[in-house]
> 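Structure in structure tokens, see below.
All chains are named by letter (A, B, ...) in the order of the sequence lines, taking the proteins before the strands, and each is independently numbered beginning at 1. All values derive from a computational prediction rather than experimental measurement.
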Number of protein chains: 4
Amino acid sequence: MTDDVDRWLSELIRLYEDDERLTDKQIKILQAAVEIFAEKGYASTSTSEIAHRAGVAEGTIFRHYATKKDLLFSIVTPVMSKLVAPFVFRDFNKVLHLEYSTYEEFVRAVIRNRIDFAQRYWPVLKVMVREISFQPQLQAQFKVEVGTQVAQRIRRVIQYFQRQGEIVEFPPESVMRLTASVVLGYLLTRFLWMSEKPWDDHKDVEEMVRFILHGLTP
Amino acid sequence: MTDDVDRWLSELIRLYEDDERLTDKQIKILQAAVEIFAEKGYASTSTSEIAHRAGVAEGTIFRHYATKKDLLFSIVTPVMSKLVAPFVFRDFNKVLHLEYSTYEEFVRAVIRNRIDFAQRYWPVLKVMVREISFQPQLQAQFKVEVGTQVAQRIRRVIQYFQRQGEIVEFPPESVMRLTASVVLGYLLTRFLWMSEKPWDDHKDVEEMVRFILHGLTP
Amino acid sequence: MTDDVDRWLSELIRLYEDDERLTDKQIKILQAAVEIFAEKGYASTSTSEIAHRAGVAEGTIFRHYATKKDLLFSIVTPVMSKLVAPFVFRDFNKVLHLEYSTYEEFVRAVIRNRIDFAQRYWPVLKVMVREISFQPQLQAQFKVEVGTQVAQRIRRVIQYFQRQGEIVEFPPESVMRLTASVVLGYLLTRFLWMSEKPWDDHKDVEEMVRFILHGLTP
Amino acid sequence: MTDDVDRWLSELIRLYEDDERLTDKQIKILQAAVEIFAEKGYASTSTSEIAHRAGVAEGTIFRHYATKKDLLFSIVTPVMSKLVAPFVFRDFNKVLHLEYSTYEEFVRAVIRNRIDFAQRYWPVLKVMVREISFQPQLQAQFKVEVGTQVAQRIRRVIQYFQRQGEIVEFPPESVMRLTASVVLGYLLTRFLWMSEKPWDDHKDVEEMVRFILHGLTP
DNA sequence: TATGAATGAGCTTTCATTCAT
DNA sequence: GATGAATGAAAGCTCATTCAT
């Protein structure tokens, strides 16, 4: 767990580097907070426990984060943005055409990329997945970022491959949902429910790709 | 929401009917608790709020449920048992052979049944899905009931159809996971994330059946 | 413990026999109450625990005893009266002259009688001793019964033996206090602090008598 | 009452001075707690009442004392140690031989010292005496400190004077018990039961010394 | 008479937040 | 910037007492 948290932290630190650098204490607070949020949930975590694990005074937390909720958002928001980053740059379509000539290649790339992402950010994602349904503010942010930004672009990709006759003429939303379900189901099984089992990425990815492709063959 | 809660409640009342009948107040407490737990989560719900919504004194809650956690378990546990009920009766295999001669029929039946179940018990399921990762006791119960009871039986079904050459020779765990992912993804989308949209069950079921069947064709 | 309680109970039952007989439940309540009061103290005992140990409903307690305090008083008061009984009958002095011609005989008789009494009523005495300092009502009752009734009579006895030249000319209050201290110290050591040790009544009584007599010799 | 509490407090403050100084609020809490515990007993005292009398917020109590019981122990424990202090220093026997050549001198010194001690620490002693029979933790501590430390040393003193032929050949436990009973009886009468009466220390001490000495003469 | 569900005030304890140092 | 003592509202829970059955 701590290793995972560290990986995310080093990225987060770099993220803030440009404008306001994170203090040493701030880093320790974020680290402690993610660890405990991931373990017992936001609502069941006390600021005093975070302070203790971070090795700082309780007051120090509130010097940097006005409220406990602000601390949660400071952790989840940047990762939520990262989550959609691969899909939102302007030339997404061009890149797509150049790099992936078939839906199979596209699906394989997306799956690999998402597994990689989940692995890198797992503790924060766990917090995000569980808190999003309790925090309207996170829900709103998610809807804007994913719903409008990502969904639209992917819908166009799907429609393109449908026009090519590569995939079945289900409503694009269905195609999206079916594909995403398979990937999400894998990620939850692998990282949340059976994280102790040994997993063979390559084999699993190929299984999923075959399943999705066959499933969507016209 | 209230309608859904009512549907679950009337079943719960019947469940208890045999040994210790539920008091009028007890019913109101369960009703209020599920509603608020589903809305803001177990940890963020106060017993005083439950009491207020139920129209009883706070002490009344603790007369029937020794702790707040006991109240949660009294709500979730019976539904968790119901959840696995269709798979655990002794003659599961016989029934299977008689009723479903193909994996397609089996999958279609399961999907329909699960949608029906989710619809009937949605509010409690929502609470269960969100709390299971915080409550080791629920996790343990789930592992016993689902892991040992259900998974084994379904694995045998899958192996049977694999021997028939109907479905691809993936590891049974993969087949299970892929199938379940599709159904779970649908249920979450439909009841949790986009419950306001209009949904066409029949069409959706056929889409899923086609997707899974094609996906698993050898 | 239970045996001791039983001994006291049978007397209490007889006490009430004349006017209002104690119901079966009432007896069980008194029994349970004394046991738990003696164990954990009045303030730390809940009426629900008494009801449970007595095997009756909580409401039943309040049918017989208007408040928890009333229950305490119903237990302690009769024993407090018994405590002073040997000293308060009208012809105390006559009896004294007939039966005890020396202070030694008087002291020996009193000590034996008090040990006997303490043994018989120990659980209730324990409750009484500990609660008397918290309950003004018990204090008042004690002051009236002991202070005015008993102290006066004993003072006269002491003054009589002082006039006989048998005991030293300390203030009667001092003689009383010194004598009582020795007996009380023995009873507390024997029943409260070291109840598990084996005790030899006869030897101990003679030791005390000798100590007191020598101590008070002019 | 308040004066007595103050006397004890100033000693307690000095006791803590070396390692962790007591906060101003902490002192007020201890002061208020002793006063109310002494008045109505530990179990019947609410932390809110303590907070109110101390003029602090209820939360402040729990910042310094994890539980209400911890608060009780913080008050009683140091006094219990003080209680045995005069008997436990290493050279107790030497000092004894130098200072007290007769049992009479020894008894007189002990009585004076104990009266002095009781006077100084009365409110806390009252709390201690009443709570010790409800709190196994206090009982255990008392048994260790008094039972093993003090009783042994005093037994040796008694045996020494018995060898000198100064006091009667009762079992040392009896001598101890008889002597202690007289002192304890005096202290309880003087401070607990009849604290309002005027008392003449010097006369009372000489009375007790004479009583004990005569009582124990061989 | 006896019950036990119901009450609501009060209990101990927790907690996010403030603020003087 | 950092601290941690202090706060007081609110948490989960207990309890003596009431009352309809």
> Measure across B:Ala66 and B:Asp70 and return the closest heavy-atom pair with its distance rounded to 0.1 Å.
CB-OD2, 3.5 Å

> Counting any heavy atom closer than 4.0 Å, what does C:Thr47 reach on the DNA or RNA strands: base, sugar-phosphate only, or nothing?
base

> Using whole Å, what does the distance between atom C1' of nucleotide E:dA5 and atom CD1 of B:Ile29 come to?
10 Å

> Nearest heavy atom decides the nucleotide; on that basis, is C:Val56 or D:Phe62 closer to the 5' end of DNA chain E?
C:Val56

> Tell me whether the side-chain N/O atoms of C:Arg63 come closer than 4.0 Å to OP1 or OP2 in E:dT1.
yes

> Please compare A:Asp24 and B:Lys69 by the position of their nearest nucleotide in DNA chain F and report the one closer to 5'.
A:Asp24

> Mapping B:Lys68 and C:Tyr42 to their closest nucleotides on DNA chain F, which lands nearer the 5' end?
B:Lys68

> In this structure, how many angstroms lie between the P atom of F:dT3 and the CD atom of A:Gln26, rounded?
13 Å

> Got a donor-acceptor contact below 3.5 angstrom from the A:Arg130 side chain to the A:Leu125 backbone?
no

> Atom CD of B:Glu49 and atom C1' of F:dG12: how far apart are they, to the nearest Å?
14 Å

> Decide whether B:Glu58 and B:Ser48 meet the rule of one side-chain donor and one side-chain acceptor closer than 3.5 Å.
no

> Using purine N1 to pyrimidine N3 plus N6-O4 or O6-N4 for Watson-Crick, or N1-O2 and O6-N3 for G-U wobble, each under 3.5 Å, what pairs with E:dA20?
F:dT3

> Check the distance between F:dA16's C1' and C:Asp70's CG and give it to me in whole angstrom.
12 Å

> Taking only the side-chain nitrogens and oxygens of D:Lys25, find out if one of them lies under 4.0 Å from OP1 or OP2 of F:dA6.
no

> Hey, mind stepping through D:Arg53 and D:Glu39 against salt bridge (charged side-chain N to carboxylate O under 4.0 Å, His left out) and telling me if it holds?
CA-CA 13 Å; D:Arg53 167 111 47 127; D:Glu39 193 185 320; 3.5 Å; yes

> Would D:Lys40 count as a cation-pi partner of C:Phe134, with NZ or CZ less than 6.0 Å from the six-membered ring centre and within 45° of the ring normal?
no

> Over how many whole Å does the gap from D:Glu58 atom CD to F:dA5 atom P extend?
19 Å

> Less than 4.0 angstrom between a side-chain N/O of B:His64 and OP1 or OP2 of E:dA6, yes or no?
yes

> Could you identify the nucleotide paired to E:dT14, looking across every strand shown and requiring Watson-Crick or G-U wobble geometry with both distances under 3.5 Å?
F:dA9

> Under 4.0 Å, counting only non-hydrogen atoms across every strand here, what does D:Thr45 touch: a base, just sugar-phosphate, or nothing?
sugar-phosphate

> Using a cut-off of strictly less than 4.0 Å, decide whether B:Ser46 has a side-chain nitrogen or oxygen near OP1 or OP2 of F:dA11.
yes

> What's the CG-C1' distance between D:Leu22 and F:dA6, to the nearest Å?
17 Å

> Quick one: is D:Thr60 getting a side-chain N or O under 4.0 Å of the F:dT7 phosphate, OP1 or OP2?
yes

> Whole Å only: how far is the CG atom of A:Leu72 from the P atom of E:dT17?
12 Å

> Between A:Thr67 and D:Thr67, name the one whose nearest nucleotide on DNA chain E is closer to the 5' end.
D:Thr67

> Could you give the CD1-to-P distance, from C:Ile61 to F:dA16, as a whole number of Å?
9 Å

> Considering residues, nucleotides and ligands other than A:Gln139, do more than 12 of their heavy atoms fall under 6.0 Å from its CD?
yes

